Amino acid sequence: MKKLMMLFCVALMSVGASAQEYYEEEYEGAQAGDWAIGLDLGMGFGDSYVNFGLMPKVQYYVTDAFRPEVSFDYFIQKDNLSVWDININLHYLFHMKYGIYIYPILGATFQHTHASIDVPKYDDAGNPTGKTETITENKGRFGLNAGAGMQYDITPNLYCNLEMRYQYVKDFGRGILQVGIGYRF
C-alpha cells in the first residue's frame with residue numbers, strides 16, 4: 001500500500017506540473033448538470049481483516065459544488081470472505097486553489113458478505129472421518145458512510161481523487177481508503 005500511495009503522489013505531482021497552464025487561464029471547474037464517471041482502487045480494513053477492491057462510480061453535479069455519487073465496490077476474496085457493496089454518497093466540494101477540492105462524504109451503503117469455511121466431519125463416535133463439509137453464510141446489511149475526500153483537476157475534464165470513509169455497518173463496520181481517476185463530461 002505504501003508503494004501505491006507513493007506512485008499516486010509522484011503521478012499527481014508530475015501531471016500537476018504539465019496541467020498548470022490551463023489554470024493560468026479562466027477556469028471555472030465543474031458546472032451544474034455535468035456528469036462524471038470514474039474508477040477507484042481501494043483497500044477495506046477493520047478488525048484485523050484487509051482486502052483490496054475495484055470501485056466504479058457515477059457522479060452528477062446538481063450545482064457547481066454539490067454532487068451525489070453512486071458506486072459499486074467489489075473487494076477481492078481473501079481468507080474465504082468476499083465483500084461487495086453499493087453506495088449512494090453525497091459530496092459538497094470546497095474549492096481550495098489550483099483545481100484542488102476537499103469534500104465531506106455522507107451516504108448510505110448496502111453491504112453483502114459471503115463467507116465459506118471447510119469443517120472436518122466426524123463419525124458417531126466423535127472420530128474424524130477425513131472428509132470436510134463446507135459451510136457458507138451470506139449476509140446483507142444496510143449502513144451509513146462518513147468520511148472525507150480530496151480531488152485534483154488534472155485538466156478541465158480529468159481529475160484524480162483520494163478518499164477515506166468509514167462504513168458503519170452492524171457486525172462488519174470498516175474503513176475504506178481509495179484512490180482513483182475520473183472523467184467529467
Side-chain angles (χ1 to χ4, degrees), residues 1 4-5 8 11-12 29-96 99-116 136-154 157-185:
M1 188 61 190
L4 180 64
M5 291 301 293
F8 177 73
L12 185 63
Q31 303 294 312
D34 285 354
W35 287 85
I37 57 172
L39 181 65
D40 291 357
L41 300 174
M43 177 178 73
F45 54 91
D47 293 339
S48 72
Y49 185 79
V50 176
N51 61 343
F52 297 91
L54 292 172
M55 302 150 182
K57 62 186 175 185
V58 175
Q59 300 169 331
Y60 177 74
Y61 288 80
V62 176
T63 67
D64 296 353
F66 177 68
R67 69 176 181 207
E69 171 187 89
V70 176
S71 67
F72 174 77
D73 302 348
Y74 175 76
F75 293 92
I76 298 167
Q77 181 176 343
K78 181 182 174 194
D79 298 333
N80 299 319
L81 179 68
S82 62
V83 180
W84 61 261
D85 55 58
I86 298 171
N87 302 285
I88 299 174
N89 293 318
L90 304 175
H91 302 165
Y92 190 87
L93 283 73
F94 294 97
H95 184 246
M96 303 311 283
I100 297 173
Y101 299 85
I102 59 171
Y103 52 92
I105 301 169
L106 185 61
T109 186
F110 174 78
Q111 183 186 80
H112 180 270
T113 56
H114 172 82
S116 63
T136 61
E137 182 178 33
N138 291 297
K139 283 190 179 179
R141 303 171 195 93
F142 287 97
L144 298 174
N145 292 325
M150 182 176 74
Q151 175 179 310
Y152 175 69
D153 286 351
I154 300 168
N157 294 342
L158 188 67
Y159 66 88
C160 56
N161 63 287
L162 172 66
E163 291 184 3
M164 177 65 197
R165 72 176 190 270
Y166 191 82
Q167 293 183 318
Y168 296 93
V169 178
K170 183 180 180 186
D171 299 328
F172 202 73
R174 64 196 205 140
I176 307 288
L177 176 65
Q178 59 194 67
V179 295
I181 193 158
Y183 182 77
R184 191 171 38 242
F185 52 94

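Quick caveat, the model's predicted, so the values are computed rather than measured. Keep in mind that the numbers below use all heavy atoms, side chains included, and drop hydrogens, waters and symmetry copies.
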Closest heavy-atom pair and its distance - [X], [Y]:
X	Y	result
Ala32	Val62	CB-O, 3.4 Å
Ala36	Tyr61	CB-CE1, 4.3 Å
Pro56	Leu39	N-CD1, 3.7 Å
Gly44	Phe75	N-CE2, 3.7 Å
Ile181	Asp40	N-OD1, 3.9 Å
Phe45	Ile176	CE2-N, 4.3 Å

Can you tell me how far [atom2] of [Y] sits from [atom1] of [X], rounded to the nearest 0.5 angstrom?
X	Y	atom1	atom2	answer
Gln59	Asn89	CD	CG	9.5 Å
Asn80	His114	CG	NE2	8.5 Å
Met150	Leu162	CE	CG	5.5 Å
Asn145	Thr109	CG	OG1	5.0 Å
Asn138	Ser116	CG	OG	9.5 Å

Student check: side-chain heavy atoms of [X] and [Y] closer than 4.5 Å:
X	Y	answer
Arg67	Asp34	no
Glu163	Tyr103	yes
Asn157	Phe185	no
Asn51	Ile76	no
Leu54	Leu41	yes
His95	Asp153	no
Gln151	His91	no

* Give a yes-or-no answer on whether the side chains of Arg165 and Gln178 include a donor-acceptor pair shorter than 3.5 Å. =>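 Result is yes, a qualifying pair exists.
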
* Using side-chain contact (heavy atoms from CB on, under 4.5 Å) as the criterion, list what pairs up with Trp84, not counting sequence neighbours. =>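 Trp84 satisfies side-chain contact (heavy atoms from CB on, under 4.5 Å) with Phe72, Tyr74, Ile86, Phe110, His112 once adjacent residues are dropped.
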
* Please identify each residue that fulfils side-chain contact (heavy atoms from CB on, under 4.5 Å) with Ala65, with sequence neighbours left out. =>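 If we apply the side-chain contact (heavy atoms from CB on, under 4.5 Å) test to Ala65, skipping adjacent residues, the hits are Thr63, Tyr92.
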
* **Check: Tyr49 side chain, Leu81 main-chain N or O, donor-acceptor pair, under 3.5 Å** =>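 Confirmed, Tyr49 side chain pairs with Leu81 backbone.
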
* Asked: Judged by atom type as modelled, is there a donor-acceptor pair below 3.5 Å linking the side chain of Tyr159 to the main-chain atoms of Gly99?
  ->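 No; zero donor-acceptor contacts below 3.5 Å.
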
* **Neighbour count >12 (heavy atoms, 6.0 Å) for atom CD1, Ile88** =>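 No - once you tally the heavy atoms of other residues, nucleotides and ligands closer than 6.0 Å, there are 12 at most.
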
* Using a cut-off of 6.0 Å, state whether more than 12 heavy atoms not belonging to Met96 lie near its atom CE. =>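 No, the 6.0 Å shell around CE holds no more than 12 heavy atoms from other groups.
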
* **Residue pairs fulfilling salt bridge (Lys or Arg N to Asp or Glu O under 4.0 Å) with at least one residue in residues 139-148, sequence neighbours excluded** =>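 Sorted pair list: Glu137-Lys139.
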
* I would like to know whether Lys57 and Asn161 meet side chain to side chain contact (heavy atoms under 4.5 Å, CB included); could you show each step before the answer? => CA-CA 12 Å; Lys57 62 186 175 185; Asn161 63 287; 3.2 Å; yes

